[in-house]
Engineer: 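Take this structure, written in structure tokens, and hold onto it; I'll ask about it next.
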Amino acid sequence: MKDYNHKEIESKWQKEWESKNLFKTNPNPKDKSYLLVEFPYPSGDLHVGHWYAFAVTDIFARYMHHLGKDVLFPFGFDSFGLPAENAAIKRGLNPKTWTYSNIEKMIEQVKSMGTMIDWDTKVVTSDPEYYKWTQWLFLQFYKKGLVKHEQTHVNWCPSCKTVLANEQLEGGVCERCSSAVEQKEMKQWNIEITKYADRLIDDLDSLNWPHHIKEAQKNWIGRSHGTFFTFDIKGTGGVIPAPNDVILAEARIQDHQTPLADFTNAQGNLQIKVFTTRPDTFMGVTYVVVAPEHDLVQTLKPSISNWSEVQTYIDQTNKKTDLDRQTNKDKTGVELKGIKALHPATGREIPVFISDYVIATYGTGCVMAVPAHDDRDFEFAQKYNLEIKVVLRPNVIRVDGSFNKDFDSTEELTKLNEDYLNGKKPFVGDNALIFNSGEFNGLTSEQAKDAITSKYGEKTTTYKLQDWSVSRQRYWGCPIPMIHCTSCGTIPVPEDQLPVVLPDMDKIEMRDDGKSPLAHNHEWVEASCPQCGSKAERETDTLDTFVDSSWYYTRYIDPKNDTEIASEQAKKTWLPIDFYSGGSEHTTRHLLYARFVYKVMYDLGIVPQSEPFNKRNNRGLILGTDGDKMSKSKGNVINPDEVVERVGADVVRAYLAFMGPYGEAGNYPWDPNGVVGIRRFFERVYSLVEKVSTQDSKEALVAINTLLSQITTDFEQLKFNTGLSKLMVCINSLEKTEFSKDTFKKFLVVFETYAPHLAQEIWSSIGESDLIYNQLFSTPDVSILADQKLKIAVQVNGKTRTVLEVDPNLSKEEILAQAKSNPEVLRWIEGKEIVKEIYVPQKLVSFVIKG
RNA sequence: GCCGAAGUGGCGGAAUUGGUAGACGCGCACGACUCAAAAUCGUGUAUCGCAAGGUGUGAGGGUUCGACUCCCUCCUUCGGCACCA
């Protein structure tokens, strides 16, 4: 037998495929399938994770191909971003050179996987031919009014010297460098994703996505239904009028959608507007709290008598990092002296506080405090000795079945109150009855929510999701196509002048001015105003790389088109994506941005559907041999190139597929012995070449047809592990019996999905001249399987006592009779009464006996 | 705290969705080949028991002729969100 020389075999066929341009996508597909894997960042080293992403998805792509589908399986690079720029600053390399040489290197490595990627699709986000369209899209968003340039509180990473989106924070620190993130006020480009919040939630229903991914997105968007209440504000001299400029102000609180004008009533008086999901506790409000950074606080300044104390607290809050705020949750705050809020129902004067436990960007940035029924308000009230008014009690059913509605006067109320005074937890459940609330007494929480809202409030919905801040003060990114003119304002670059090309720069350095290095390239910054022609300046911020990656799959289908983002024909043909495979880290960011961008494109008539990804799965992680996440510091990193060198790409592909189900995002430790096991299996397959005969035994026919009839289910469910085990089972049978070339060929076409090189080598060594890639899966001959003896389990009282081998044509009665006369079964039923006989066709017989 | 996923041999994991639990692979044991080892091949491998047989899918209960699978209670692990009112 010939040696299984994987190196020779793999390089030979890779060359052959490339020279024939075998994987060219069919431009006129009859039955398309668009398979997408998240494109990588060109870091320069290909790790096991890339293999797991592309080589295993390639098994699925080849399966689709052998079914006769026209598959689009593209590849590209998400090539803008910080690592290139950091390498440039640190090592004096040009980010472009660094990036593009990495790309070259990685393409070679990816090619070693033996995938059926069509390299003509290649998309690179830092190519001007690509980012021309990123800029074009930005302008379409701008025209549609979804882009705002506004003063914003931003997350500032002092080490990366750039702004970070909330999505780029991990527990209050920068996801890249782990520095504590600071708050800063800057003018930023924001995209109003919040306008799409409802659709982003509601349209999830129609998608064939795992439940947990949908839930994570819903959670992230954080829709909650509730009520606005407004509290008039009274100073020592009566109600407080708003300054004129405030009423019309477009001023916004952070990047939040509530304009300050909302805090002014029809008479021009200032109010505090709060959001709550618990309007049923409204009569228990004993104070209100405003976020310290809220613009309203500044507006109220003239009426506040302890301003210096207030100012100190605000300063402290601004200095606090998000991390501080998250780790230290002790309640602090300052009362705004000199003003009071008026409870809308009772007119009672209640104190107003500022405290950093209220988040400026959520709801209205102000809350009504109900210390009796909210943990945080309770803690705050305890600390500052504020009134606690109980208005809810558990809606319990007593042992005798009656509701205890006459509650207020009982000892139970006293006990509740005592519990609070003793510092116990407040009752926060919403299966409750209302008391102590005037006309609303006796209602359930559910009823009170409606009743109180319709009398005093306004129904509303809020979201945790915030607008997408896309400005980055970095060089290596897509330039934002805007021009600032002193007389005309901010003007978009005309579309026929796109792309705004990122200039080559010899030296890239970050300064402390909070600006992109581009700002110091005066030659580039200088521009003329597209409107009035006078001297103007280019925008120097670049786009968040999540913008680049939010639409790349729309470019794969027509990557070289220089007049449109993609042709109508290509869009109609290939969109949407049939299957999208990616990492779980992208569940709430990339995947949400991409859906959002696609929806906007849909609204603009650019794409034909409103959801881009019909099916999605998050793949898992390959862990080190020690079961820990691979990391250089732990020294447990598996270098795929080394393994490929030793056992071949085919083995690595198949081993990765064999580790566990692909659709479940499980984490699998790398087992060097497992790799050897696959190698052993491949060698056995290879050695079968010499056993090929001219005819098939019955066993061989059963083996191959069983495989063919079962394998599609495994593929459809992304269970490449059980799929491979079925190939092994088939080989275990064929090894022991006589089989024909025809049978072996049928096997090889399935085998090819896992081991394309070896399968092709065997294919040609048994005398086939066409490429195995061009073959279709064979359909199973079910008559052979139907002809087999059936194995029928016989149970007595639920326990299996024997297994009968019966002729498949026997009737139910005949099988039952056989079962009853079987000596093994007789041992258990002899002399007993059979109460029930159950027959499950082709599976089992079950007797229930008595006595 | 809230949301989600999952608990099966020494290990990775199977089980046609209520029908013979542990497929396939790894590991391990014994045997063959070898002077020996490696590789390879063969046999065995949930557990208690000499056996007949019993027990077993995180724990406890329930439904059913029959439960890894369905229902209830609880425990544990992992992932996401988290002072979101």
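Below, chains carry the letters A, B, ... as their sequence lines are ordered, and counting in each starts from 1.
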Engineer: Return the pairing partner of B/C81 with a 3.5 Å limit on both distances, Watson-Crick or G-U wobble; otherwise return none.
Structural biologist: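 WC or wobble partner is B/G1.
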
Engineer: In terms of ring plane angle, is the pair A/Phe275 and A/Phe228 parallel, tilted or perpendicular, where the classes change at 30° and 60°?
Structural biologist: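 A/Phe275 vs A/Phe228 ring planes: perpendicular.
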
Engineer: Please classify B/G80 as syn or anti, treating any glycosidic angle within 90° of 0 as syn.
Structural biologist: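 Anti, since the glycosidic angle lies more than 90° from 0.
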
Engineer: So what does A/Val803 touch, heavy atoms closer than 4.0 Å: a base, only the sugar-phosphate, or nothing?
Structural biologist: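 Answer is base: heavy atoms of A/Val803 come under 4.0 Å of a base.
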
Engineer: Between B/G12 and B/A23, how far is it from one P atom to the other, in whole Å?
Structural biologist: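 To the nearest whole Å, 15 Å.
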
Engineer: So A/Lys799, base contact, sugar-phosphate only, or nothing? Heavy-atom distance under 4.0 Å.
Structural biologist: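 Touches sugar-phosphate only.
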
Engineer: Reckon A/Lys218 touches a base, only the sugar-phosphate, or nothing at all at heavy-atom distances under 4.0 Å?
Structural biologist: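 The residue A/Lys218 makes no contact with any strand.
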
Engineer: Are any of A/Asn721's side-chain N or O atoms less than 4.0 Å away from OP1 or OP2 of B/A14?
Structural biologist: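 Indeed, a polar side-chain atom of A/Asn721 lies that close.
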
Engineer: If you check every side-chain atom of A/Phe275, which of B/A85, B/C24, B/A15 has the closest atom?
Structural biologist: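 So the nucleotide nearest the side chain must be B/A85.
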
Engineer: Name the nucleic acid region contacted by A/Gly677, choosing base, sugar-phosphate or nothing; use a 4.0 angstrom heavy-atom cut-off, strictly under.
Structural biologist: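 The residue A/Gly677 makes sugar-phosphate contact but no base contact.
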
Engineer: Send over the distance from A/Leu708 CG to B/U16 C1', rounded to a whole Å.
Structural biologist: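 From A/Leu708 CG to B/U16 C1': 17 Å.
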
Engineer: Looking only at side-chain atoms of A/Trp828, point me to the closest of B/C26, B/A14, B/G53.
Structural biologist: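 The listed nucleotide nearest to A/Trp828's side chain is B/G53.
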
Engineer: A/Pro210 near the nucleic acid: base, sugar-phosphate alone, or nothing, with a heavy-atom cut-off under 4.0 Å?
Structural biologist: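 The answer is nothing, as A/Pro210 stays clear of every strand by at least 4.0 Å.
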
Engineer: Is there a side-chain polar atom (N or O) of A/Arg801 under 4.0 Å from OP1 or OP2 of B/U20?
Structural biologist: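 No, no such contact exists.
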
Engineer: In whole angstroms, how far is the C1' atom of B/C2 from the NE2 atom of A/His212?
Structural biologist: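 For the pair A/His212 NE2 and B/C2 C1', the rounded distance is 18 Å.
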
Engineer: Nearest-Å distance, OH (A/Tyr668) to P (B/C24)?
Structural biologist: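 Answer to the nearest Å: 20 Å.
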
Engineer: Report the base-pairing partner of B/U76 (Watson-Crick or G-U wobble, both distances below 3.5 angstrom), or none.
Structural biologist: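 Base partner found: B/A6.
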
Engineer: Would you mind reading off the distance between A/Leu790 atom CG and B/G19 atom P, rounded to a whole angstrom?
Structural biologist: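 In whole Å, B/G19 P lies 17 Å from A/Leu790 CG.
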
Engineer: Reckon A/Asn328 touches a base, only the sugar-phosphate, or nothing at all at heavy-atom distances under 4.0 Å?
Structural biologist: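 Result for A/Asn328 = base.
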
Engineer: Over 60° means perpendicular and under 30° means parallel, so classify the ring planes of A/Phe353 and A/Tyr287, tilted if in between.
Structural biologist: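 If you compare the ring of A/Tyr287 with that of A/Phe353, the planes turn out perpendicular.
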
Engineer: Using Watson-Crick or G-U wobble geometry with both distances under 3.5 Å, which nucleotide pairs with B/A21?
Structural biologist: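 Looking at the geometry, B/A21 pairs with no nucleotide.
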
Engineer: Roughly how many Å is it from CZ in A/Phe682 to P in B/G25, rounded to a whole number?
Structural biologist: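 In whole Å, B/G25 P and A/Phe682 CZ are 13 Å from each other.
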
Engineer: Using atom C1' in both nucleotides, what's the gap between B/U69 and B/U57 to the nearest angstrom?
Structural biologist: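 These two C1' atoms come out 10 Å apart once rounded.
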
Engineer: Determine which nucleotide pairs with B/U40, using a 3.5 Å limit on both distances of a Watson-Crick or G-U wobble pair.
Structural biologist: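 B/U40 is paired with B/A32.
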
Engineer: Looking at A/Tyr362, I'd like to know whether one of its side-chain N or O atoms comes within less than 4.0 Å of OP1 or OP2 on B/A85.
Structural biologist: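 True: A/Tyr362 side-chain N/O within range (under 4.0 Å) of B/A85 OP1/OP2.
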
Engineer: Could you please name the partner base of B/C70, counting Watson-Crick and G-U wobble pairs only when both distances are under 3.5 Å?
Structural biologist: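 Paired with B/G62.
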
Engineer: Among B/C24, B/U16, B/G25, which is the nearest nucleotide to the side chain of A/Lys843?
Structural biologist: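 Ranking B/C24, B/U16, B/G25 by closest atom to the A/Lys843 side chain puts B/U16 first.
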
Engineer: Cut-off 3.5 Å, side chains only: do A/Gln466 and A/Thr361 have a donor facing an acceptor?
Structural biologist: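 The criterion, which ignores hydrogens and geometry beyond distance, is satisfied for A/Thr361 and A/Gln466.
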
Engineer: Considering only the C1' atoms, how many Å lie between B/G13 and B/G19, rounded to the nearest integer?
Structural biologist: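 It works out to 22 Å between them.
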
Engineer: If you find the nucleotide of RNA chain B closest to A/Ile213 and the one closest to A/Glu824, which residue's nucleotide is nearer the 5' end?
Structural biologist: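 Looking at RNA chain B, the more 5' nearest nucleotide goes with A/Ile213.
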
Engineer: Return the pairing partner of B/A15 with a 3.5 Å limit on both distances, Watson-Crick or G-U wobble; otherwise return none.
Structural biologist: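 With both distances under 3.5 Å required, B/A15 matches none.
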
Engineer: Whether A/Asn673 contacts B/G27 is assessed here as follows: a side-chain N or O lying under 4.0 Å from the phosphate OP1 or OP2. Is that the case?
Structural biologist: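 Yes, A/Asn673 has a side-chain N/O under 4.0 Å of OP1/OP2 on B/G27.
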
Engineer: Students often get this wrong, so: under 4.0 angstrom with heavy atoms, is A/Asn732 touching a base, only sugar-phosphate, or nothing?
Structural biologist: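 It contacts sugar-phosphate atoms only.
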
Engineer: Any cation-pi pair here, A/Arg595 with A/Trp209, using under 6.0 Å and within 45°?
Structural biologist: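 Yes, a cation-pi geometry holds between A/Arg595 and A/Trp209.
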
Engineer: Please state the P separation for the pair B/C24 and B/U45 - nearest whole angstrom.
Structural biologist: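 One P to the other, the span is 12 Å.
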
Engineer: Hey, what's the ring geometry for A/Phe682 with A/Phe751, parallel, tilted or perpendicular (30° and 60° as the breaks)?
Structural biologist: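 Taking A/Phe751 first and then A/Phe682, their aromatic rings stand perpendicular (interplane angle over 60°).
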
Engineer: Output yes when at least one side-chain N/O atom of A/Lys719 is less than 4.0 Å from OP1 or OP2 of B/A15, else no.
Structural biologist: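 True: A/Lys719 side-chain N/O within range (under 4.0 Å) of B/A15 OP1/OP2.
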
Engineer: Could you check whether the rings of A/Tyr456 and A/Phe282 sit parallel, tilted or perpendicular, using 30° and 60° as the cut-offs?
Structural biologist: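 A/Tyr456 and A/Phe282: tilted rings.
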
Engineer: Quick one: A/Phe720 CZ to B/A14 C1', roughly how many Å, whole number?
Structural biologist: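 To the nearest whole Å, that distance equals 17 Å.
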
Engineer: Using the P atom in both, what is the distance from B/C28 to B/G22, to the nearest Å?
Structural biologist: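 Rounded to whole Å, the distance is 24 Å.
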
Engineer: Grab the NZ-C1' distance between A/Lys464 and B/G80 for me, whole Å please.
Structural biologist: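 Whole-Å distance recorded here is 10 Å.
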
Engineer: Please give the distance between the P atoms of B/A14 and B/G58 as a whole number of Å.
Structural biologist: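 Comparing P positions in B/A14 and B/G58 gives a spacing of 15 Å.
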
Engineer: A/Arg223 near the nucleic acid: base, sugar-phosphate alone, or nothing, with a heavy-atom cut-off under 4.0 Å?
Structural biologist: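 Contact class for A/Arg223: none.
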
Engineer: Mapping A/Val848 and A/Pro669 onto RNA chain B by nearest heavy atom, which one lands closer to the 5' end?
Structural biologist: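 Of the two residues, A/Pro669 wins.
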
Engineer: Considering just the side-chain nitrogens and oxygens of A/Arg680, establish if one lies under 4.0 Å of OP1 or OP2 belonging to B/U40.
Structural biologist: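 For B/U40, OP1 or OP2 has a side-chain N or O of A/Arg680 closer than 4.0 Å.
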
Engineer: Tell me whether B/U76 sits syn or anti, counting syn as a glycosidic angle within 90° of 0.
Structural biologist: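 The base of B/U76 is oriented anti (glycosidic angle more than 90° from 0).
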
Engineer: Hey, does A/Thr800 reach any base, or is it just sugar-phosphate, or nothing, if we go heavy atoms under 4.0 Å?
Structural biologist: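 The residue A/Thr800 makes sugar-phosphate contact but no base contact.
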
Engineer: Determine the contact category for A/Ser846: base if any of its heavy atoms lies under 4.0 Å from a base atom, sugar-phosphate if only primed atoms, P, OP1 or OP2 are that close, otherwise nothing.
Structural biologist: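 Here A/Ser846 touches the bases of the nucleic acid.
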
Engineer: Is A/Lys331 positioned over the aromatic face of A/Phe380, cation under 6.0 angstrom from the ring centre and no more than 45 degrees off axis?
Structural biologist: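 No.
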
Engineer: Measure the acute angle between the ring planes of A/Trp670 and A/Tyr655, then classify it against the limits of 30° and 60° as parallel, tilted or perpendicular.
Structural biologist: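 The arrangement is perpendicular - the two ring planes meet at more than 60°.
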
Engineer: So what's B/A52 paired with, Watson-Crick or G-U wobble, going by both distances under 3.5 Å?
Structural biologist: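 Pairing partner: none.
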
Engineer: Give A/Arg827 one of three labels, base, sugar-phosphate or nothing, depending on what nucleic acid heavy atoms sit under 4.0 Å from its own.
Structural biologist: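 Since only primed, P, OP1 and OP2 atoms lie under 4.0 Å of A/Arg827, the category is sugar-phosphate.
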
Engineer: Would you verify whether the NZ or CZ of A/Arg653 falls within 45 degrees of the ring axis of A/Tyr52 while also being under 6.0 Å from that six-membered ring's centre?
Structural biologist: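 Output no; distance or angle outside limits.
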
Engineer: When the P atoms of B/G62 and B/C48 are considered, how many whole Å apart are they?
Structural biologist: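 The same atom, P, in both gives a distance of 28 Å.
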
Engineer: Tell me: CG of A/Asn219 to P of B/C3, nearest whole Å?
Structural biologist: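 Checked: the CG to P distance equals 9 Å.
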
Engineer: What's A/Val358 touching, base or sugar-phosphate or nothing? Going by heavy atoms closer than 4.0 Å.
Structural biologist: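 Base: the residue A/Val358, judged by heavy atoms under 4.0 Å, touches a nucleobase.
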
Engineer: Once you apply a heavy-atom cut-off of 4.0 Å, does A/Glu215 come out as touching a base, just sugar-phosphate, or nothing?
Structural biologist: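 The answer is sugar-phosphate, as A/Glu215 gets under 4.0 Å only of primed atoms, P, OP1 or OP2.
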
Engineer: Examine the side chains of A/Tyr384 and A/Glu335 and answer whether a donor and an acceptor come within less than 3.5 Å of each other.
Structural biologist: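 No - no donor-acceptor pair under 3.5 Å links their side chains.
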
Engineer: Among B/U16, B/G25, B/A85, find the nucleotide with the atom closest to the side chain of A/Thr277.
Structural biologist: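 Closest nucleotide among those given: B/A85.
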
Engineer: Can you tell me how far P in B/G60 sits from the matching atom in B/G53, rounded to whole Å?
Structural biologist: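 Nearest-Å result for B/G60 against B/G53 at atom P: 26 Å.
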
Engineer: Counting heavy atoms from C-beta on, name the nucleotide in B/G19, B/A85, B/C81 closest to the side chain of A/Leu844.
Structural biologist: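 The answer is B/G19.
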
Engineer: What does B/G27 pair with, Watson-Crick or G-U, if both distances are under 3.5 Å?
Structural biologist: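 For B/G27, the partner nucleotide comes out as B/U45, under the 3.5 Å rule.
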
Engineer: Looking at A/Lys329, I'd like to know whether one of its side-chain N or O atoms comes within less than 4.0 Å of OP1 or OP2 on B/C83.
Structural biologist: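 The answer is yes; a side-chain N or O of A/Lys329 sits under 4.0 Å from OP1 or OP2.
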
